[in-house]
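Working notes, beginning with the structure itself.
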Amino acid sequence: MPTFLSLPEKASSLASSANMLLLAMLAVGFFIVIWLALLAIEAMLSSEEPKEKPPTDQDRRVPVWWSLAAALVILAFFLWSSVLYLNSLKVPENAENVISVTKHWVWKFQHAPDGQGEIDELHVAVGQPVRLIMTSQDTTHSLFVPSLMQQQDILPGKFTVMWFEVNKPGEYPFYTSRYSGTGYTKMAGKIIALSSEDYQAWLSGKPIAKPGEEGGGAPPPAGGAVAEGEQLFSQLGCGGCHGDQDSPVAPTLHDIYGRDVKLADGSTVTVDDAYLHESIVDPHAKLVEGYGPVMPDTYADQLTEDQIQALVAYIKSLSGVMPEGGGEGGGAAAPAPGTAMELSPEAMAVFTANGCNSCHGDKLQGMIGPNLAGLQADYVKQVVRQGVEGTAMTAYGPDKISDEDLEVLAQGIQSLAFAATGMQVNPTVAQHLQEAKQAFNGGDMDGTKAALEAALKACGQPGGQVTLKTMIRKAEEGDADYLKTRFDVLMPGEGGEEGGQEAAPAATEAPEPTPTATPQAPEPEPTPTAAAEAPAGEGDPAAGEKAFMDNGCHACHGDQDTPVAPTLHGIYGKEIKLADGSTVTVDDAYLHESIVDPHAKLAEGYGPVMPPTYTNLDPQVILDIIAYIRSLQ
């Protein structure tokens with residue numbers, strides 16, 4: 001309970017020192033006030049008439065001594081506060097980096113390098129220094145944490161830094177201390193300090209006890225999925241944006257189930273279980289009209305499927321819809337191979353939770369990795385467990401994807417029809433595929449390969465190109481079983497460019513929440529080849545700018561250097577210093593290597609933040625990006 005002269009609870013060593021300084025200043029000020037009051041009282045009670053007499057030497061020395069004493073006190077406070085201020089600027093080397101992007105009226109935090117995202121809450125470990133790297137998307141804001149005795153302005157277009165180290169578990173509120181509009185009082189949140197064990201559990205998505213309570217990792221509360229979902233809803237801070245009514249940040253979730261809502265692209269969608277599930281694991285896929293991509297897209301990695309289903313059950317309960325029988329999971333039989341027009345919710349949950357969609361697309365149509373529709377379940381499981389030599393698809397064991405989840409995913413991929421992926425096949429490609437199938441049925445592998453190569457030249461879709469490259473490689477290897485499966489999936493209707501085998505593997509891995517892919521692209525050629533040599537050819541700066549934005553490069557490489565990455569403006573042709581002390585000239589070869597193997601030659605002062613997955617980009621796209629960087633002069 002606050003008492004007279006009490007200050008906010010001290011939660012860091014810096015706050016303790018700052019509190020001592022404030023109390024010392026208050027004590028000195030109180031002493032001066034009392035002393036002046038006594039002098040005034042003495043003067044008022046004195047009955048003697050003031051007598052004029054010449055001042056003595058002693059009278060002249062009194063003001064000098066008092067002035068000197070006051071100057072020393074002021075100097076002492078100045079030095080004391082200066083030491084505190086300078087200490088607040090020295091960031092420890094072992095500090096954990098957290099990126100904060102602020103806007104009306106929300107605080108967004110992203111833990112680096114793991115990429116855990118939060119809104120209006122910041123989880124930290126007790127005793128672990130944390131460096132906040134902050135910027136604003138609209139206007140000037142200011143972060144004020146009373147319990148840490150720290151405040152830092154946040155400016156649009158620039159990065160400011162504040163560090164702290166919480167020394168005991170608890171929840172500590174923070175506010176904005178700068179007027180930034182009529183809703184600025186809503187910009188409040190809290191820092192949640194956990195023990196190291198609970199913090200690691202939180203990072204992995206496990207349930208934890210609130211600070212100050214016993215038993216972190218306790219089982220879900222009694223009351224079934226709805227009660228568990230309500231606890232998760234509160235624990236994850238969902239209520240900070242989704243309140244009882246619509247807000248400028250997010251819509252309310254009350255009475256929304258079963259309704260048709262309008263999306264940002266002008267279409268409408270019915271709020272059902274599938275939509276709620278997708279909005280949790282991929283919140284930016286179908287944005288509601290009037291709202292931006294504020295919700296972090298990290299819950300697919302942070303939550304288990306059971307937890308996602310519990311959240312869905314709780315959201316449904318806000319519309320009066322309660323679970324009928326209990327459970328998640330049903331035992332419905334999987335559709336026949338190649339007939340399903342969408343992945344089952346369970347399979348899609350595994351697919352998105354492991355980041356497979358970043359390479360293979362939300363509809364499994366293929367992007368960096370091939371189209372996956374119709375691949376045989378046994379083949380999918382084999383590729384996932386063993387990986388594919390010579391490609392970016394490595395093996396993933398049961399510690400990364402359980403046997404049960406792999407079975408669900410493999411069966412879902414096998415059941416998916418090629419038409420469900422939405423991939424279009426132009427007539428020329430279709431003709432060459434038909435020729436390839438005829439050659440294959442006739443036992444002519446060379447003819448099959450030649451027809452597939454002709455189809456590849458006529459194919460303009462990245463997913464189709466990767467799939468055709470995989471089929472060509474399989475023809476070279478003489479893998480008749482794989483090719484038969486591919487042709488069976490492609491040819492029954494009108495066939496087309498579709499996924500390749502290694503696709504499935506992608507579904508296994510859950511990479512970091514970095515701008516692009518997971519380590520799962522099964523293409524034959526874009527393997528981690530030597531990055532030192534830039535491919536021949538010219539790039540298109542306009543296409544490169546689009547690729548630069550689409551792959552999220554601009555999020556780190558802005559108009560000026562940041563603590564995360566250097567700017568690329570005006571860098572071409574310059575000589576820069578590397579982390580190992582050597583220097584390199586920024587030319588096409590260096591830029592190419594930095595895209596496909598970004599950790600090979602790190603610029604001085606920067607860590608291995610950029611994901612090493614861009615080796616799977618089409619070579620022409622890489623040339624376009626290089627051309628765009630050259631244009632930034």
Check: Ser177/Ser142 side-chain N/O donor and acceptor closer than 3.5 Å: yes
Distance (rounded to the nearest 0.5 Å) between Leu578 CG and Leu602 CG: 8.0 Å
Distance in Å, Ile192 CD1 paired with Asp198 CG, rounded so as to fall on 0.5 Å steps: 11.5 Å
Pairwise side-chain contact, Ser88 with Leu14, heavy-atom cut-off 4.5 Å (strictly under): yes
Closest non-hydrogen atom pair, Trp163 against Lys90: NE1-O, 3.1 Å
Atom pair CG/CD1 of Leu276 and Ile315 - distance to nearest 0.5 Å: 5.0 Å
Close side-chain approach of Ile133 and Ser100, heavy atoms under 4.5 Å: no
Pair Lys381 + Asp403, salt bridge at N-O below 4.0 Å: no
4.5 Å side-chain heavy-atom contact, Ile154 and Leu143: yes
Glu118 and Lys108 ion-paired at < 4.0 Å: no
Trace of the side-chain contact (heavy atoms from CB on, under 4.5 Å) decision for Leu263 with Leu287: CA-CA 6 Å; Leu263 303 180; Leu287 292 172; over 6 Å; no
Which atom of His111 lies closest to which atom of Tyr199, heavy atoms considered: ND1-OH, 3.2 Å
Ser402 (side chain) donor-acceptor with Pro398 (main chain) under 3.5 angstrom: no
Trace of the side chain to side chain donor-acceptor pair (under 3.5 Å) decision for Ser12 with Asn167: CA-CA 5 Å; Ser12 70; Asn167 56 21; 5.7 Å; no
Salt bridge flag under 4.0 Å for residues Glu96 and Arg131: no
Worked check of side chain to side chain donor-acceptor pair (under 3.5 Å) between Asp273 and Tyr257: CA-CA 9 Å; Asp273 287 32; Tyr257 190 80; 2.4 Å; yes
pair Val126-Pro169: side-chain heavy atoms closer than 4.5 Å: yes
Main-chain N/O of Met295 paired to His284 side chain as donor or acceptor, under 3.5 Å: yes
Test item: Thr252 side-chain N/O and His254 main-chain N/O as donor-acceptor pair under 3.5 Å: yes
Working for side-chain contact (heavy atoms from CB on, under 4.5 Å), residues Leu132 and Gln152: CA-CA 10 Å; Leu132 286 178; Gln152 178 62 56; over 6 Å; no
Closest non-hydrogen atom pair, Lys103 against Met187: O-CE, 3.9 Å
Whether His242 and Phe233 hold their rings parallel, tilted or perpendicular, with breakpoints at 30° and 60°: tilted
Tyr275 side chain reached by Thr270 side chain, heavy atoms, under 4.5 Å: no
Under 3.5 Å donor-acceptor, Thr135 side chain and Lys158 backbone: yes
Which atom of Leu409 lies closest to which atom of Ala347, heavy atoms considered: CD1-O, 3.9 Å
Phe174 and Trp107 aromatic ring geometry - parallel, tilted or perpendicular at 30°/60° bounds: perpendicular
Side chains of His557 and Thr567 in contact at under 4.5 Å (non-hydrogen atoms): no
Candidate pair Thr102 and Ser136, rule side chain to side chain donor-acceptor pair (under 3.5 Å), full reasoning: CA-CA 5 Å; Thr102 307; Ser136 169; over 6 Å; no
Interatomic spacing from CD in Gln307 to CD in Glu228 - rounded to 0.5 Å: 6.5 Å
Test item: Phe159 and Met134 side chains (from C-beta on) under 4.5 Å apart, heavy atoms: no
Any Ile280 side-chain heavy atom under 4.5 Å of Gln309 side chain: no
side-chain contact (heavy atoms from CB on, under 4.5 Å) assessment of Trp80 paired with Met20: CA-CA 10 Å; Trp80 190 351; Met20 290 179 60; 4.0 Å; yes
Leu232 CG to Tyr314 OH distance, which is reported to the nearest 0.5 Å: 11.0 Å
Set of side-chain contact (heavy atoms from CB on, under 4.5 Å) partners for Val124, sequence neighbours left out: Leu122, Val130, Phe164, Val166, Ile191, Ala193
Residue pair Val145, Tyr175: steps toward the side-chain contact (heavy atoms from CB on, under 4.5 Å) verdict: CA-CA 7 Å; Val145 191; Tyr175 313 93; over 6 Å; no
Lys168 atom NZ, neighbour heavy-atom count above 12 within 6.0 Å: yes
Non-hydrogen atoms of Ala15 and Ser147 that approach each other most closely: CB-O, 3.3 Å
Minimal non-hydrogen separation, Glu165 against Gly127, with atom names: OE2-O, 3.3 Å
Spacing of His141 atom NE2 and Asp138 atom CG [to the nearest 0.5 Å]: 4.0 Å
Polar side-chain atom of Gln200 near backbone of Ala125 as donor-acceptor pair, under 3.5 Å: no
